[in-house]
Amino acid sequence: MTAEQAAGQQSMAAMAGKLAGRHIVIGVTGSIAAYKAVDIVSRLKKCGADVHVILTREAAEFVTPLTFREISGQPVAMDMWAPVQEFHVEHIALAKLADLVLVAPATANILAKAANGIADDMLSTTLLATKAPVWFAPAMNTNMYEHAATQHNMEILRTRGSHIIEPAAGHLACATSGKGRLPEPAVLVEAVVQAMTAGQPLKGRKVLVTAGGTIEPIDPVRFIGNHATGRMGYAVAAEAAARGAEVVLVSGPAELPAPAGVRVVRIQTAREMHEAVLREYADTDLVVKSAAVADYRPVHVAAQKIKKSEDGLTLHLTRNPDILYELGKKKTHQVLVGFAAETQDVESYARAKLAKKNLDFIVANDVSQADAGFGTETNRVTICGADGSVERYPLMSKRELAGIILDHAQQCLPGMSAK
Ligand code: PMT
């Protein structure tokens, strides 16, 4: 079982029953990713939700209504003019019943129809009739996704309050590679559960998170790096998105799926992270800097692979920018949260960094422990505040810790108290 699958199973177990009594309408449109909607329905059912499926005619070419009927345990709505099965006026009844409408996968066509108020089938009519929050998970060929018309339609939908889940990048069914894949069902369902169970205390706030490690090239095949996997930062980003924030995640190389609803900026080196973070900083409300940034990089990067010799090899290193220090100097209204990865005198080193970098609080991380720090699913930290407070926390999952960090951060944000 991969780490991703194990994490998915853990979070499924944690989410069981969380949507009991909630009604979700899923619109499935004509994309090859329609088969993933079967898994989404099944997972939402396991969370206790009552799930109703609306299939477009095109979606039914990919997956039969019978499959969705069996998985959802409900009649599948498709045809406006079919004999009424359960509801008086089916599209109005489903629109009213829904606590949330999720269109997954959403084709360019349904985005265009929804943006323009076209109601010519069961799904588009339901979208026009519902007052429930509507989420679209676009999935399509990269060129279609990037087309100005599709981008404009998504902007219209966002402005009207719909939530657009950014597609993942990767290999597409049309034998190309790029942005346009439907995110994994586990990721989508977790985002839905979070949104339906949590409040949205960070709505209207922009949160910038850094995650993973930076890598500093030595030559075309070697680099200086560290053991960060991104788990801590991805957990903070997912939690911030679940709390309604606009989230930008500046990520070093990591093998984790992008959390739903999060804009991911991928970088490799400290200087690239520096540039990406500064680009986003001015209108950010909260920065959580969990990345392990390389303090040094080689002065010269060899253009060709360095050949072995009998002698040793001396690398001359130079300092990288201290990104968080610079953010502290440029701070206007931003709440700044740092991490300190230490192996000894953890709290005193963390306090020194807190003061030097002008932070609101710092998460002191003793990375000498086997179950905490780099690469683990769990963490054990102490949070030191600029007000002199010290709170020591027991071992917990990184996702739980992300919640605690954001609870602290919310207390520091102007105009807010704890969740
Ligand atoms: O990704 P995981 O596998 O889940 O691991 C999580 C983690 C161990 C990486 C994380 O919990 C953690 O401790 N991150 C901070 C690691 C670190 O580099 O700490 P530091 O003490 O060297 O840096 C202090 C702070 O300054 C950090 O917030 C760091 O992002 C920032 N910094 C450091 C150097 C630099 N050049 N620029 C920076 O902004």
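Because only heavy atoms are used, hydrogens play no part in the values below, and waters and symmetry mates are left out as well, while side chains stay in. Every number for a ligand or one of its atoms is a count from 1 in the order of the listing. Treat the numbers as computed from the prediction; the structure is a model and nothing was measured. Throughout, numbering of the chain's residues begins at 1 and tracks the sequence.
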| Those residues that, when tested against Val301, pass side chain to side chain contact (heavy atoms under 4.5 Å, CB included) (two or more places apart) |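 Here the qualifying residues are Pro217.
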| Residues forming a side chain to side chain contact (heavy atoms under 4.5 Å, CB included) with Asp39, sequence neighbours excluded |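 Checked Asp39 against side chain to side chain contact (heavy atoms under 4.5 Å, CB included); matches are Arg43, Pro185.
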| Any side-chain heavy atom of Leu208 within less than 4.5 Å of one from Val277? |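 Leu208 vs Val277: side chains touch.
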| said: Tell me whether Thr126 contacts the main-chain N or O of Met122 through its side chain, where contact means a donor paired with an acceptor under 3.5 Å. | reply: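 Such a contact is found between Thr126 side chain and Met122 backbone.
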| request: Name the orientation class of the two ring planes belonging to Tyr393 and His408 (parallel below 30°, tilted from 30 to 60°, perpendicular beyond 60°). | output: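 Answer is perpendicular, since the angle exceeds 60°.
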Under 3.5 Å, which donor-acceptor pairs link side chains of residues 256-263 to any protein atom two or more places apart or in another chain?
residue : atom : partner : partner atom : Å
Arg263  : NH1  : Glu280  : OE2          : 3.2
Arg263  : NH2  : Glu280  : OE1          : 3.3

| For ligand 1, what is the set of protein residues having any non-hydrogen atom at a distance below 4.0 Å? |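 Ligand 1 is contacted, at a heavy-atom distance under 4.0 Å, by Ala228, Thr229, Gly230, Arg231, Met232, Lys289, Ser290, Ala291, Ala292, Val293, Asp295, Pro321, Asp322, Ile323, Leu324, Gly338, Phe339, Ala340, Ala341, Lys353, Lys357, Asn365, Gly373, Phe374, Gly375, Asn379, Lys398.
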